[in-house]
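Excluded from the calculations below are hydrogen atoms, water molecules and symmetry mates; all remaining heavy atoms, backbone and side chain alike, are included. The chain is numbered in sequence order, starting from 1.
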Amino acid sequence: MSGGAFLGPSTVRLGLQAVTRDEAVRATAEILRGDPRVGSWDALWASIGPKQVVELGGSGGGVVCLSHGRSGAVGNLALAAARLSAPVAGQQGEALVLFFVFAIPLTMAEEYLRAVGALARAVGNAKHRTALLGAETQDDFANLLSGWVS
């Protein structure tokens, strides 16, 4: 599955503003409101609980927060990505800047696991993280990420 199949410039926001980690997760999930792959944003949001929010910490990876919701209201795998204008504190005090929210159909567990694994490897790579942090446009950010998460 190509990363471009579930991520594009329309599901990326750069310069997103949030004060807390939870606010940033919700604002990132909001990117998927109205997305044709998500039949009910409210059902998607209800499926994102505290156990579905993971901070990828250690070795400089503390800039990343990954969330997911799995719901019958989701018709096809979708990924929202955001880069905050200013970091927010994570649970362990690390500064979080990059946020990702997956919307997962009930029937696509394997595809999601492949995609989240590729995303974790990509943002765990310092060179890739630096590129995402420096991307100038939503297109640039989406193209970088799609090249790694495929």
Are the side chains of Val123 and Phe100 in contact, using a 4.5 Å heavy-atom criterion? yes
State plainly whether one hydrophobic cluster holds both Ile31 and Leu66, where clusters connect Ile, Leu, Val, Met, Phe, Trp and Tyr through side-chain heavy atoms under 4.5 angstrom apart. no
Pairwise side-chain contact, Leu44 with Leu32, heavy-atom cut-off 4.5 Å (strictly under): yes
With a sphere of 6.0 Å drawn around CD of Glu23, does it hold more than 12 non-hydrogen atoms of other residues, nucleotides or ligands? yes
How many angstroms lie between CZ in Phe6 and CD1 in Ile104, if you round to the nearest 0.5 Å? 10.5 Å
Validate the cation-pi geometry between Arg121 and Trp148: distance from NZ or CZ to the six-membered ring centre under 6.0 Å, angle to the ring axis within 45°. no
All pairs passing ring-ring contact (aromatic ring centres under 6.0 Å, His included) where residues 66-99 contributes a residue, at least two apart: His68-Tyr112
Would you say that Thr28 contacts Leu16 through its side chain, given a criterion of any heavy-atom pair below 4.5 Å between the two side chains? yes
Asp140 side chain to Thr137 side chain, donor-acceptor N/O pair below 3.5 angstrom: yes
Of the non-hydrogen atoms in Met108 and Leu77, which two are nearest, and what is the gap between them? SD-N, 3.7 Å
Side-chain contact test, heavy atoms from C-beta onward, threshold under 4.5 Å: evaluate it for Phe141 versus Leu7 and give yes or no. no
With clusters defined by side-chain heavy atoms of hydrophobic residues (ILVMFWY) lying less than 4.5 Å apart, directly or transitively, does Leu14 cluster with Leu133? yes
Residues two or more places apart in sequence or in another chain: which of them pass side chain to side chain donor-acceptor pair (under 3.5 Å) with Arg21? Glu55
Looking at Glu30 and Arg33, is there a salt bridge between them, counting it only when a charged N and a carboxylate O are closer than 4.0 Å? yes
Thr107: what forms a side chain to side chain donor-acceptor pair (under 3.5 Å) with it, not counting sequence neighbours? none
